[in-house]
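As the structure lists them, so they are numbered: ligands from 1, and atoms in each ligand from 1.
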Amino acid sequence: MKHFLAIADLSTAEFNQVLSTAKKLKAEWRKRGNKPILKNKTLGMVFQKPSLRTRVSFDMAMLQLGGQALYLSPNEIGLGQRESVGDVARVLSRFVDGIMARVFAHAHVTELAQYSRVPVINGLSDHEHPCQALADVLTIVEWRGKLKGLKVVFLGDGNNVARSLMFACALGGAHFVCASPQGYALDDASVAQARALAKKSGGSVELLVDPKAAARAADVLYADTWTSMGQEAEAAERAKVFPPYQVNAALVALAKPNAIVLHCLPAHRGVEITDEVMDGPQSAIFDQAENRMHAQKAIVAILMGGQARRVKKA
Ligand code: CP
Ligand code: NVA
C-alpha cells in the first residue's frame with residue numbers, strides 16, 4: 001500500500017491488516033498510551049471543505065503516535081486555483097511525510113498521489129470516504145463481533161460514504177444493501193466492481209428503492225446526510241424525495257433486534273435520522289466517530305511508519 005485513496009486500493013490482506021492494526025493501537029492507547037512510532041513525522045492536511053472528525057481525529061492520531069499534523073485550510077492552498085494540484089503535491093511532499101486531503105473532485109486526490117513523493121490519504125472526495133468506511137467496519141466488528149455474513153443497509157443517497165461502505169462490505173464478505181430514491185442510486189460501474197469483490201469474499205451487493213424492504217432483518221442500518229458538501233444547491237429538491245429514507249424507530253423496528261445504527265456525522269437530527277434513534281440503545285454512532293482516530297492511526301502507521309513490516313513479523 002503506497003497511498004490510500006479508495007477502499008478498493010486495498011487487497012483483502014491489507015484490509016484485514018489495517019483493521020487488526022487499528023484494534024491493536026486502540027487497545028494500546030487505552031492501556032498506557034501509544035508508542036511514539038511516528039516521532040518527527042508530519043502529516044500535511046489539505047482541506048477544501050469543512051470538517052470536525054477528520055481534522056481532529058487525524059491531528060490526535062499523529063500527536064498520540066509521537067508525530068504532528070499541519071492543518072491547511074481551504075483559503076490557504078487554493079488547490080488547483082492558486083496553484084496546480086501537481087505543483088501543490090510536488091512542493092508539499094518535500095516538507096512533510098504524508099498528505100491527507102479532503103477535496104471536491106476525486107481526481108484531485110489521484111493527481112496529488114501522482115505527483116507526491118510521500119503517501120496520500122483521501123480524507124473524503126465526491127467519490128469515496130475510505131477512512132470513514134474503516135471506522136465503520138471497526139465499529140461493526142466491536143458491536144457485532146464480525147462483519148462477514150451481516151446484512152449492512154445504507155439508506156439514502158448513493159454517495160461517497162455509501163460507496164466506500166459498499167467496497168468495505170464487499171472485501172469483508174458482508175451483504176450490502178443500498179436503498180435510494182430513483183435517480184440517487186450508486187453508479188453501475190462501482191456496483192459491478194464491488195460485486196466482483198463480493199463474489200470472492202462470499203458477500204453480496206444489492207440496490208433497492210424501498211427502504212422498508214431494505215431494513216428488514218438488517219444487522220446494521222446506516223444513515224448519512226441527503227445533501228453532501230458541494231450539493232447545497234440541490235438541497236430543496238432532495239428534501240422532497242428523501243423523507244421515506246429517514247432512519248427512525250419504525251424503520252429500526254424492521255431490523256434484527258440486535259441491529260446497530262450508524263451515521264458518519266455530521267447529522268441533521270430530525271431529518272435523515274431521529275433523536276430517538278441517534279440517542280437510543282442501538283446507536284453505535286459516537287463509538288463510530290471515535291473509531292475514526294483508531295482506524296486512521298493504523299493508516300498513518302502503515303503508510304508513514306513502516307508498520308506493515310512490523311505487523312507481518314509479529
Ligand atoms: N464523518 C466525517 O468525515 O466528519 P467531518 O466532515 O466532520 O470530518
Ligand atoms: N456524504 C457527506 C459525508 C460527510 C462526512 C458529504 O460528503 O458531505
Exactly which residues line ligand 1, taking a heavy atom under 4.0 Å from it as the test?
-> Ser51, Leu52, Arg53, Thr54, Arg102, His129, Gln132, Cys264, Leu265, Arg292
Here the gap from Arg163 atom CZ to Cys178 atom SG, rounded to the nearest 0.5 Å, amounts to 9.5 Å
Enter the distance from Leu197:CG to Thr12:OG1 here, rounded to the nearest 0.5 Å.
-> 7.0 Å
Geometric cation-pi criterion, Arg55 with Tyr71: 6.0 Å, 45° | yes
Looking at Lys146 and Asp219, does any basic side-chain N land under 4.0 Å from a carboxylate oxygen?
-> no
Ion pair check, Glu28 and Lys297, cut-off under 4.0 Å | no
Describe, in one word, how the ring planes of Trp226 and Phe242 are oriented to each other, choosing from parallel (under 30°), tilted (30 to 60°) and perpendicular (over 60°).
-> parallel
Considering only heavy atoms, which protein residues lie less than 4.0 Å from any atom of ligand 2?
-> Leu124, Asn159, Asn160, Val161, Asp224, Thr225, Ser228, Met229, Leu265
Side-chain donor/acceptor of Ser93 to backbone N/O of Val118, under 3.5 Å | no
From the list Asp136, Asn159, Leu186, side chain to side chain contact (heavy atoms under 4.5 Å, CB included) with Phe154 holds only for Asn159
What residue among Val109, Val120, Thr42 forms side chain to side chain contact (heavy atoms under 4.5 Å, CB included) with Ile99?
-> Val120
